[in-house]
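Chain letters run A, B, ... following the sequence lines, proteins first, then strands; residues in each count from 1. Side-chain atoms are counted along with the backbone in the values below, which use heavy atoms only and exclude waters and symmetry mates.
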There are 2 protein chains.
Amino acid sequence: MYKTKTISIAFKQHNHNACWGNAMQAAQEYCDKHKLKFTPARRKVLELLLSEHRALGAYKILDLLREAGFKSQPPVAYRALEFLVENGFAHKIERLNAFVACTLHGTEHSPTFMICRQCENVAETYSPASNLNLSESAEASGFKIEQTIIEARGVCNSCAKTEIL
Amino acid sequence: MYKTKTISIAFKQHNHNACWGNAMQAAQEYCDKHKLKFTPARRKVLELLLSEHRALGAYKILDLLREAGFKSQPPVAYRALEFLVENGFAHKIERLNAFVACTLHGTEHSPTFMICRQCENVAETYSPASNLNLSESAEASGFKIEQTIIEARGVCNSCAKTEIL
DNA sequence: TATTATTACGTTATAATATTGCAATAGGAG
DNA sequence: CTCCTATTGCAATATTATAACGTAATAATA
């Protein structure tokens, strides 16, 4: 499952083994440092999310947990996801009612997601300019932004190339 | 139900009767012009959405439809909502799994929503700058945006004033 | 170590949101 | 009128998410 050396992430080629390993290690270190319990279920869910750069629904995760020998009632998945999201290891993609592993952990961020409608990969980007812009115009019109969700749907370059026009 | 002369919209005072009436009339005219069937259920759902500047869930709408003597199976609401969204009369707020009437109909737009966590009003704004920004940076990183969802959660000024600090 | 508080887990049940499929019907185009 | 298509009625079901509550594990304090 984790053998592929290089797949598309954020629509770029990269060494996914390294990507996966670094993220898991960073999560472990962060949990150690902050006295968070990186329990088997939480770890497994993060591993699953990291296995591809796609969003997985809670019930898909539940299936995969079951296959891996974990208990499989909905709360098992939702609790693990809640932990991962709260601590910045994963994000919920509202449009898809699904979850992706965070690829920018550690940096305080307000991410923008690019969702390819064809390959369904999800890339996380950090766009300070857009966020600042938004905050300023909101402020001007009498609204104080506390959190922003930005999700873009479209096609990545490699999928665009294969499209029938 | 529609008697209040002036309520908060987009966190601004306005004549809501006029707001409501204009929107309904514009919808009617648009449907006439484009040969769209503005059926009783569709009309009623738009009326409900326009009654306040808040997002209503599909099942809330269903309750209100029932009260108004309509049939009340889920597809009744979902079909009407689908029609309204497709034709730009309403938008789905993904964060809330709920729907709001569009306040910028006619203008081709990619809206940004400001959701007050206290009064729950939802304001729709048009932010060409942010969208352009986003498109450009996406383009640069090899992604072609087709649709963008921007939803900000926060507090409006009048709610902020009443908050205990 | 014993006691208490807190956090996480196991389990059952149910709530909330959304869709599918198919038959019946209404309205417009020819 | 007749055909065609869009819409509606209806039943069932799929998908996503949470509530409630007892037990087990861990941490904090005495």
Checklist entry - With sequence neighbours excluded, what pairs up with B:Glu29 under the salt bridge (Lys or Arg N to Asp or Glu O under 4.0 Å) test? => result none

Checklist entry - Hey, is A:Tyr59 doing a stacking thing with D:dT15, by the 5.5 Å centroid and 30° angle criteria? => result no

All N/O pairs under 3.5 Å across the protein-nucleotides 5-10 of chain C interface:
residue : atom : partner : partner atom : Å
C:dA8   : OP1  : A:Arg42 : NH1          : 3.3
C:dA8   : OP1  : A:Arg42 : NH2          : 3.4
C:dA8   : O5'  : A:Arg42 : NH2          : 3.4
C:dC9   : OP1  : A:Thr39 : OG1          : 2.9
C:dG10  : N7   : A:Arg79 : NH1          : 2.8
C:dG10  : O6   : A:Arg79 : NH2          : 2.5

Calculate the interatomic distance between [X] atom [atom1] and [N] atom [atom2]; express it in whole Å.
| X | N | atom1 | atom2 | value |
| --- | --- | --- | --- | --- |
| B:Leu36 | D:dT5 | CG | C1' | 15 Å |
| A:Leu56 | D:dT16 | CG | C1' | 15 Å |
| A:Ile93 | D:dT16 | CD1 | P | 14 Å |
| B:Glu94 | D:dT16 | CD | P | 13 Å |
| B:Arg66 | D:dC10 | CZ | P | 13 Å |

Next on the checklist: Could you check whether any side-chain N or O of A:Arg42 sits under 3.5 Å from a backbone N or O of A:Lys37, counting only pairs where one atom can act as donor and the other as acceptor?
Outcome noted: yes

Checklist entry - Is A:His91 reaching over with its side chain to a backbone N or O of A:Glu124, donor-acceptor style, under 3.5 angstrom? => result no

Item to check | Pair listing, side-chain hydrogen bond (donor to acceptor under 3.5 Å, both in side chains) test, anchored in residues 69-83 of chain A, at least two apart | outcome: A:Arg66-A:Ser72

Checklist entry - When we call it a touch if two heavy atoms are under 4.0 Å apart, what does B:Lys60 touch: a base, just sugar-phosphate, or nothing? => result nothing

Checklist entry - Do A:Tyr78 and D:dA19 have a side chain to base donor-acceptor pair shorter than 3.5 Å? => result no

Checklist entry - Does a side-chain N-to-carboxylate-O contact under 4.0 Å join A:Arg117 and B:Glu146? => result yes

Item to check | Below 4.0 Å: OP1/OP2 of C:dA16 and any side-chain N or O of B:Asn97 | outcome: no

Checklist entry - When you look at NZ of B:Lys92, are more than 12 heavy atoms from neighbouring residues, nucleotides or ligands closer to it than 6.0 Å? => result yes

